[in-house]
Amino acid sequence: MSFYPLINVISLRLQAFLKAWNAACTSETENPTLIVPPKRFLLNPIVFSGPCRAKSINFLIFGRLLAPDSPGAWKELDPSQWLAFNGVSGLNIAGPGRINGRGKAWWDQSCRDHPRLVGCSTLAPTAVKLVSCKNSSISEIHFLNSSQTHVLIRDCDGINIENVLIEAPERSPNTDGIHISASHNVVITNAIIGTGDDCVSIGDHTSNIVISYVKCGPGHGISIGSLGRSGNFVQVENIHVSKVYLQGTTNGARIKTWQVGRGYVRRVTFEHIFFGSVKNPIIIDQNYCNKSGACKEMETGVHITDVSFNQLYGTSSSRVAMNLNCSRSVACTSIYLKSIYLRSALAGQNVTSNCTNAHGVASGVIQPDPCLQI
């Protein structure tokens, strides 16, 4: 069964989308389909809520969804989201359509880039937010120019994201490609992501995350963290990142935690990764701070353990290609370096490594010299 939003013009008809969603959500059909036809739709902020009677819902986007181009459209609404799906199981969002956040007006009032601007924004809408969803997927969608994060997965279980293209300007503020928080059993595969922030970022209380066949750049790389900023007990484990190509990013394979945090990051694997002129190809930073040198040294820290970097190759645009900056109080332990060869992206330059209180084993590391403590 299909439900077609009753929209025939390029302007917002919020109620038509909600009506179509409610029809699909309450349908007695096991697998109803809501279709966005191949037209352009200007759509105000909206929440598609569950739980639904239907066991699964197909949300097929053949057209283009456009966000309002003015922050004023969010007046008296939640400024953190544009298209939100809440409490839905068996949701399948699929293309080949486009979701355009048209975020420039938000970027132009970002506190990060315009700290002296009166009324600047620290928060901007995420393009697509999945909250408390289960056994759901996003595929074949082209995301571009979100005001902030493009796809947010929060409090979810069993999410597959595949064959997506995510694009935003390199200097656009906080435009992460995909951010995962408090979620489990998430798979991201066959993605091309180039934004102004992390291609994929992993937040607290996450486990069983698989990321593979991703092309990342521009952006800040594949990041676990930052974690523990509020002094909370961090729980991140079973993260597997493989077959990733990073080109021109500021970071490559990264773990970052605040000293004030507690808890653990464990059982993490980065393998089969190629770096093309990446500034910090391999980096663990247990002393992360929003301003370099501004955070005093503390005796607390998130324990980072059982982390493997295996078969990592390519070029670094900075001299320090491997930086394991661990806490002097809470050491990084069981760090495994295997089959690594990193060269300088600059002709005639050499690369080096830097380690602080990082313990583990290295084998087959050609360059830079491993600096682990036993």
Side-chain angles (χ1 to χ4, degrees), residues 1 3 5 14 17-36 43 45-61 65 67 77-95 97 99 101 125-143 146-164 166 176-191 193 198 200-211 235-239:
M1 182 180 296
F3 299 93
L14 191 67
F17 271 84
L18 287 174
K19 182 179 179 180
W21 172 259
N22 289 335
C25 186
T26 59
S27 173
E28 295 182 1
T29 304
E30 284 194 5
N31 188 26
T33 299
L34 186 155
I35 297 177
V36 179
L43 188 59
I46 187 171
V47 178
F48 300 101
S49 296
C52 295
R53 178 182 297 177
K55 290 184 177 180
S56 65
I57 297 179
N58 298 317
F59 195 108
L60 303 185
I61 303 172
L65 300 182
L77 297 173
D78 184 350
S80 73
Q81 61 191 31
W82 171 34
L83 308 176
F85 296 83
N86 194 336
V88 184
S89 294
L91 173 67
N92 301 303
I93 303 172
I99 295 177
T126 290
V128 171
K129 181 185 289 188
L130 268 58
V131 179
S132 301
C133 294
K134 295 182 178 181
N135 303 321
S136 299
S137 67
I138 300 174
S139 62
E140 306 290 344
I141 298 289
H142 181 188
F143 297 89
S146 180
S147 303
Q148 209 161 76
T149 300
H150 287 78
V151 179
L152 172 64
I153 309 298
R154 190 178 73 201
D155 295 319
C156 293
D157 191 356
I159 306 297
N160 289 332
I161 300 176
E162 61 180 343
N163 299 322
V164 296
I166 303 176
D176 295 63
I178 302 170
H179 179 68
I180 307 166
S181 175
S183 296
H184 313 282
N185 305 306
V186 178
V187 176
I188 300 170
T189 187
N190 293 318
I193 305 173
D198 295 325
V200 181
S201 57
I202 297 171
D204 198 3
H205 297 287
T206 57
S207 66
N208 302 328
I209 310 298
V210 176
I211 301 167
Q235 295 173 290
V236 175
E237 60 186 338
N238 300 330
I239 313 296

Heavy-atom side-chain proximity of [X] to [Y] below 4.5 angstrom:
X	Y	result
V36	F59	yes
I141	V151	no
V88	W21	yes
L91	F48	no
W82	L65	yes
Q81	V47	yes

- Spell out, as yes or no, whether a donor-acceptor pair under 3.5 Å connects the side chain of H150 to the backbone of D176.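 Such a contact is found between H150 side chain and D176 backbone.
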- Query: Donor-acceptor pair, N58 side chain versus L60 backbone, under 3.5 Å?
  - Reply: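 No; judged by distance alone, with no hydrogens or angles, the pair does not exist.
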- Task: Given side chain to side chain donor-acceptor pair (under 3.5 Å), test S56 with N31 step by step and report yes or no.
- Result: CA-CA 5 Å; S56 65; N31 188 26; 2.8 Å; yes
Pairwise distance [atom1]([X]) to [atom2]([Y]) - rounded to 0.5 angstrom:
X	Y	atom1	atom2	answer
D155	S132	CG	OG	4.5 Å
N160	S136	CG	OG	9.5 Å
I211	I202	CD1	CD1	4.0 Å
N208	S183	CG	OG	11.5 Å
H184	I153	NE2	CD1	13.0 Å
I209	E237	CD1	CD	10.5 Å

Between [X] and [Y], what is the shortest heavy-atom contact and its length?
X	Y	result
T29	S27	N-OG, 2.9 Å
A24	A54	O-CB, 3.9 Å
T149	H179	CG2-CB, 4.0 Å
A127	I99	CB-CG2, 4.5 Å
S147	G101	OG-O, 3.9 Å

- Task: Check step by step if side-chain contact (heavy atoms from CB on, under 4.5 Å) holds for V186 and T206.
- Result: CA-CA 9 Å; V186 178; T206 57; over 6 Å; no
Any donor-acceptor N or O pair under 3.5 Å, side chains [X], [Y]:
X	Y	value
N86	S49	no
S137	S139	no
N163	E140	yes
S89	N135	no

- Item | F143 and its side chain to side chain contact (heavy atoms under 4.5 Å, CB included) partner, picked from I166, I178, I193 |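 Answer to the side chain to side chain contact (heavy atoms under 4.5 Å, CB included) test with F143 among I166, I178, I193: I166.
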- Query: SG of C25 to SG of C52, below 2.5 Å?
  - Reply: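 Cystine link detected, SG atoms below the 2.5 Å cut.
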- Could you please spell out the steps behind the side-chain contact (heavy atoms from CB on, under 4.5 Å) verdict for L43 and L14? CA-CA 6 Å; L43 188 59; L14 191 67; 3.9 Å; yes
